[in-house]
> 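A single structure is presented below for examination.
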Amino acid sequence: MKHLSCRLLLCLAFSIVSLFMVRQGFATLGQTADSVESDRRALSAVRGGTTAQNGYTVQEVTYDGAALREYISASGIVFAVAWNGMRHPDLTALLGSYTDQYQKALAQTSRQPGLRRLSVKADGVVVEKWGHVRNLQGRAYAPDLIPPGVAIDEIR
Amino acid sequence: MKSGRLLFLCVVLALVTGCGGGGGGGSSSSSAPTGSSTPALTLPNGPTLPPVVGNNVLTVTVDGSECSPATLAQWPNKPCVSVTICDPANTYCQTVNDILLDTGDYGLRIFQQTLPAGLLTALSQNQVQVGSLPVYECIEYGDGSAVWGPVQRANVVLTASEQALNVPIHLIGSSAGNPSQVCAGNPTFSSPAAALYNGSLGLGFFVQDCGPVCASSNNNRVYYTCSGTSCTGAAVPLASQVQNPVAHLPVDKNGICLMFPSVPSGGTPLVSGYLVLGIGTQSNNGPSGVVAYGADQNGNFTTVFNNITYPAFLDSGSNGFFFPDSQVQTCDGGWFCPPSTLTLSATTTASAGSPSAVVQFQIANFNTLINSSNNVFSNIGASQPGLFDWGLPFFLGRNVYIGLEGTASGLGAGPYWAY
């Protein structure tokens with residue numbers, strides 16, 4: 001019985017974390033992949049795939065018609081995140097400690113009507129959004145963390 | 001001869017004669033455009049369109065009389081139409097101009113500030129509900145901007161005989177519900193003055209603006225039900241989602257054709273074109289000389305550029321060619337500013353793998369063009385990763401057909417673009 005209630009509790013905890021993560025995004029740029037792995041386990045209802053690339057891995061999580069891909073270096077750091085879906089994800093959760101500098105750079109980026117893409121470059125982070133209704137896409141990456149030999153256009 | 005038939009003949013002639021006919025000044029003997037020695041491309045439509053008449057025809061102006069003059073300086077290549085909105089009982093009606101014609105979206109979104117109080121009240125009595133709660137929607141765009149508001153039923157009057165009756169539309173600019181919590185775009189437009197348009201008419205090839213994902217999942221982050229300021233994600237049946245009004249027209253409901261003249265290399269202050277409803281359903285909308293390219297469930301086909309294959313789409317609401325290219329010089333805002341005009345080519349392919357077509361296009365210096373007195377340009381673009389966006393410049397000089405999903409025409413089964 002104790003075992004069962006433990007599992008129930010764990011399950012409940014995972015559900016709450018899962019709900020939070022789905023709403024808030026799930027990986028944090030610049031942090032280790034340890035948290036990513038636990039996030040992935042927490043998101044057990046979500047199918048995830050991992051692809052090994054040249055010197056890094058891409059881990060994909062899909063949910064509700066959207067997909068998030070995190071790019072993890074050989075040393076285990078999330079150096080980029082890319083997404084597609086009906087909405088852009090909540091960047092506050094994705095950018096972590098980079099949020100402040102992103103917000104500052106964003107505030108200095110003026111909208112150009114008709115130019116349906118966003119490109120925000122701060123010192124330590126680049127955020128780009130593009131796409132159309134029913135298929136929005138984007139990516140965020142920390143240039144200093146990109147492993148040598150990896151082209152930025154591989155992040156998409 | 002009726003002018004509709006005359007136009008049909010003209011179009012056929014222009015298409016039969018292919019690249020030699022119609023001409024946008026592409027021969028080597030044409031005068032060099034200001035600031036460039038690169039001749040303009042020759043396109044299917046010349047600088048003047050033959051008139052298109054019929055009860056299924058709307059005028060589209062790019063930075064012309066259908067657009068608000070106040071936005072021209074800030075918005076090159078803005079295609080506008082006028083639409084009349086009535087409540088389902090036709091008690092109140094209002095015609096609104098400066099509606100962005102947007103093939104990268106689906107359905108009518110109109111700022112509530114443009115409608116009179118009586119109509120707003122009547123629309124609110126036709127609020128779409130799920131589980132007895134009002135449905136609200138957050139639509140986000142590629143640039144991260146967003147619009148928010150309730151989904152309500154209305155009659156969308158495109159012309160006197162082309163009316164989509166009792167269809168869900170998106171009444172935007174609303175502060176009801178909790179947009180700052182669930183629809184935080186950068187920015188979320190609260191008024192026409194902020195958005196620089198009165199509304200948008202999404203006439204892409206899908207019937208709903210979200211589709212199956214929003215019908216099956218509460219966590220779609222597009223549709224919400226709100227009780228006061230408490231909003232939670234909601235699955236909304238397909239028929240209750242915001243609808244492409246073309247899909248609900250009496251007859252001409254299998255798609256549209258956008259017809260625009262070509263423009264000179266240096267641009268032009270404004271152009272006028274046509275939105276023709278239906279494909280092969282009337283004497284004035286029989287397609288000829290075009291090929292259909294099918295799209296996938298995400299609304300993309302493919303484009304090969306610089307030997308790389310990208311998902312791609314046609315979008316009248318994008319005001320340039322937006323595509324990945326790190327070689328071309330850029331200037332303010334990321335626009336391409338090459339020292340001399342570039343002629344580029346890419347291969348567009350249906351999502352099924354065939355057919356394909358090579359498309360030539362040009363990229364000129366954005367700064368030079370935008371500092372002229374012109375607003376409409378066939379050769380502006382900017383760099384973006386991931387997707388090849390054939391924006392409004394692609395539509396200039398062409399007849400582009402857009403076939404709706406779940407329908408067919410002589411061109412094939414939708415969803416497709418044909419050009």
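Protein chains get the first letters and strands the later ones, always in sequence-line order, with residue 1 at the start of each. The shown structure was predicted, so the numbers you read here are calculated from the model rather than taken from an experiment.
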> By a 4.5 Å heavy-atom criterion (distance strictly below it), what part of B:Ile308 contacts chain A: side chain, backbone, both, or neither?
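Contact with chain A is through the side chain of B:Ile308 alone.
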> Whether the side chain of A:Arg134 engages the backbone of B:Gln208 through a donor-acceptor N/O pair (distance < 3.5 Å, no angle test) should be reported.
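Looks like yes, one N/O pair under 3.5 Å.
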> Would you please go through residues 123-130 of chain A and name the residues with a non-hydrogen atom below 4.5 Å from one of chain B, in numerical order?
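Counting heavy atoms that sit under 4.5 Å from chain B, the residues of residues 123-130 of chain A involved are A:Glu128, A:Lys129, A:Trp130.
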> Counting only non-hydrogen atoms closer than 4.5 Å, does B:Asp102 touch chain A with its backbone (N, CA, C, O), its side chain (CB onward), both, or neither?
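When you check distances to chain A, only side chain atoms of B:Asp102 fall under 4.5 Å.
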> Relative to chain A, which segment of B:Ala194 carries a heavy atom at a distance below 4.5 Å: side chain, backbone, both, or neither?
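Just its backbone gets close to chain A.
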> Non-hydrogen atoms of chain A under 4.5 Å away: do they reach the side chain of B:Asn298, the backbone, both or neither?
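Both parts, backbone and side chain.
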> Check whether A:Arg156 reaches the backbone of B:Leu387 with its side chain - one donor and one acceptor, N or O, closer than 3.5 Å.
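Flag not set: sc A:Arg156 to bb B:Leu387 has no pair under 3.5 Å.
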> May I ask you to list the residues in residues 321-332 of chain B that approach chain A closer than 4.5 angstrom, counting heavy atoms only, ordered by number?
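Expected list: B:Phe322, B:Asp332.
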> Flag the pair A:Arg116 and B:Asp389 as a salt bridge only when some basic side-chain nitrogen lies within less than 4.0 angstrom of an acidic carboxylate oxygen.
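No, no charged N to carboxylate O under 4.0 Å.
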> Using non-hydrogen atoms and a 4.5 Å limit, figure out which bit of B:Ser216 sits close to chain A: side chain, backbone, both or neither.
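Looking at B:Ser216, nothing touches chain A.
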> Do A:His88 and B:Asn186 come within less than 4.5 Å of each other through their side chains, counting heavy atoms only?
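When only atoms from C-beta onward are counted, B:Asn186 and A:His88 do not touch, as no gap falls below 4.5 Å.
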> Under 4.5 Å heavy-atom distance to chain A, tell me which part of B:Ile139 shows up: side chain, backbone, both or neither.
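It is the side chain, since no backbone atom gets that close.
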> Do A:Arg87 side-chain atoms and B:Arg221 backbone N/O form a donor-acceptor pair below 3.5 Å?
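Yes.
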> Given heavy-atom pairs under 4.5 angstrom as the criterion, report whether the side chain, backbone, both or neither of B:Leu100 touches chain A.
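Contact with chain A: side chain only.
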